Amino acid sequence: LQPLPRLRGVVRSSAGPVGGASIEPLSALEEGTIELNTFFVRMMRSSLRNSTAAADGSFVLEGNGDVWLRVTAEGFAPALAAPVEIELGRGGAIEGRVIRADGSPGEGAIVGLNCGDGFGFTLRAGPGGLYRAERLTPGAWQVLPRGEELRPESSTLRQLPSGAPIEWSCQVREGEVTRFDVLLK
């Protein structure tokens, strides 16, 4: 028997190795061809098994292929990287106001956030229609009004006939706060 191919890497932060980080392999997709929970995604969970970084930050995944890794650890923003060495950062934030069509604050409105990694989420605007999401992966993000909150126990998947580029709302940068107001129709 031949041994299974393995992907190896190390998870680090600016302070050193990050032991206990969760490593989840994701398969790359053609942009605009798959919707997960009504968000367009550019990658989805792979058939490879997840892994956890050892105390020195090292990890091994059984298998190979064209994968990205989504790495998460307490106190850090999720990182998306090709397997080799992964550096976790604190990420960035998006904050803004939800504004109703009549100009009034959208207090209680649902805001959906998505960076295309298959882990989109929703939150509710607070007093004055203000919302804030922290520890976000740097890169392009969609920020959209939603009709209902996503439920972690269920999901919907839809294959689309042809790819279309994702319309991004804003860019998140490491250590910065991006402002983006959501207008309700």
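Given the structure is predicted, the values throughout are model-derived calculations rather than measurements.
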Chemist: Same cluster for L184 and V143 if Ile/Leu/Val/Met/Phe/Trp/Tyr side chains link at under 4.5 Å?
Modeler: yes

Chemist: Would you give me the side-chain donor-acceptor pairs under 3.5 Å for residues 36-46, sequence neighbours excluded?
Modeler:
{"unit_1": "N37", "atom_1": "OD1", "unit_2": "T156", "atom_2": "N", "d": "2.8"}
{"unit_1": "T38", "atom_1": "OG1", "unit_2": "R146", "atom_2": "NH2", "d": "2.0"}
{"unit_1": "R42", "atom_1": "NE", "unit_2": "C115", "atom_2": "O", "d": "3.2"}
{"unit_1": "R42", "atom_1": "NH2", "unit_2": "C115", "atom_2": "O", "d": "2.8"}
{"unit_1": "R45", "atom_1": "NE", "unit_2": "E24", "atom_2": "OE2", "d": "2.6"}
{"unit_1": "S46", "atom_1": "OG", "unit_2": "L48", "atom_2": "N", "d": "3.1"}

Chemist: Provide the full list of side-chain hydrogen bond (donor to acceptor under 3.5 Å, both in side chains) pairs with a residue in residues 88-98, sequence neighbours left out, each pair given once.
Modeler: E95-R132

Chemist: Output the distance between atom CG (N114) and atom CD1 (I166), rounded to the nearest 0.5 Å.
Modeler: 6.5 Å

Chemist: Is there a path of hydrophobic side-chain contacts, each under 4.5 Å between heavy atoms of I/L/V/M/F/W/Y residues, joining L113 to L150?
Modeler: no

Chemist: Table please: side-chain donor-acceptor pairs of residues 101-109 below 3.5 Å, with sequence neighbours left out.
Modeler:
{"unit_1": "D102", "atom_1": "OD1", "unit_2": "S104", "atom_2": "N", "d": "2.9"}
{"unit_1": "D102", "atom_1": "OD1", "unit_2": "S104", "atom_2": "OG", "d": "2.6"}

Chemist: In Å and rounded to the nearest 0.5 Å, what is the CG to CD distance from L136 to E176?
Modeler: 13.0 Å

Chemist: For G96 versus D181, what's the shortest heavy-atom pair and its separation?
Modeler: CA-OD1, 3.5 Å

Chemist: Holding to side-chain contact (heavy atoms from CB on, under 4.5 Å), I want the full list of residues that pass it with E149, two or more places apart in sequence or in another chain.
Modeler: I110, T122, R124

Chemist: Taking side-chain contact (heavy atoms from CB on, under 4.5 Å) as the test, write out the residues that go with P17, two or more places apart.
Modeler: R12

Chemist: Looking at every non-hydrogen atom in both residues, tell me the closest pair between G92 and V172 and how far apart they are.
Modeler: CA-CG1, 3.6 Å

Chemist: Could you tell me the separation between the CG atom of L29 and the CH2 atom of W68, rounded to the nearest 0.5 Å?
Modeler: 12.5 Å

Chemist: To the closest 0.5 Å, what do you measure between OG1 (T137) and CD (E174)?
Modeler: 9.5 Å

Chemist: Looking at R70 and I23, would you say the former's side chain and the latter's main chain have a donor-acceptor pair under 3.5 Å?
Modeler: no

Chemist: Taking atom CZ of R179 as the centre, report whether more than 12 heavy atoms of other residues, nucleotides or ligands fall under 6.0 Å from it.
Modeler: yes

Chemist: Could you point out which residue of L69, V10, T52 forms a side chain to side chain contact (heavy atoms under 4.5 Å, CB included) with F59?
Modeler: L69

Chemist: Going by heavy atoms in the side chains, are P78 and F119 under 4.5 Å from each other?
Modeler: no

Chemist: When you group the ILVMFWY residues by side-chain heavy-atom contacts below 4.5 Å and let the links chain together, are L123 and L144 in the same group?
Modeler: no

Chemist: Let me confirm one number: the CG-CG distance from L26 to L80, rounded to the nearest 0.5 Å.
Modeler: 6.5 Å

Chemist: Any chance you could pull the hydrophobic cluster mates of I99, using side-chain heavy atoms under 4.5 angstrom and chaining through other members?
Modeler: L183

Chemist: How many angstroms lie between atom OG of S169 and atom CD1 of I94, to the nearest 0.5 angstrom?
Modeler: 7.5 Å

Chemist: What are the two closest non-hydrogen atoms of V18 and A73, and how far apart are they?
Modeler: CG1-CB, 3.8 Å

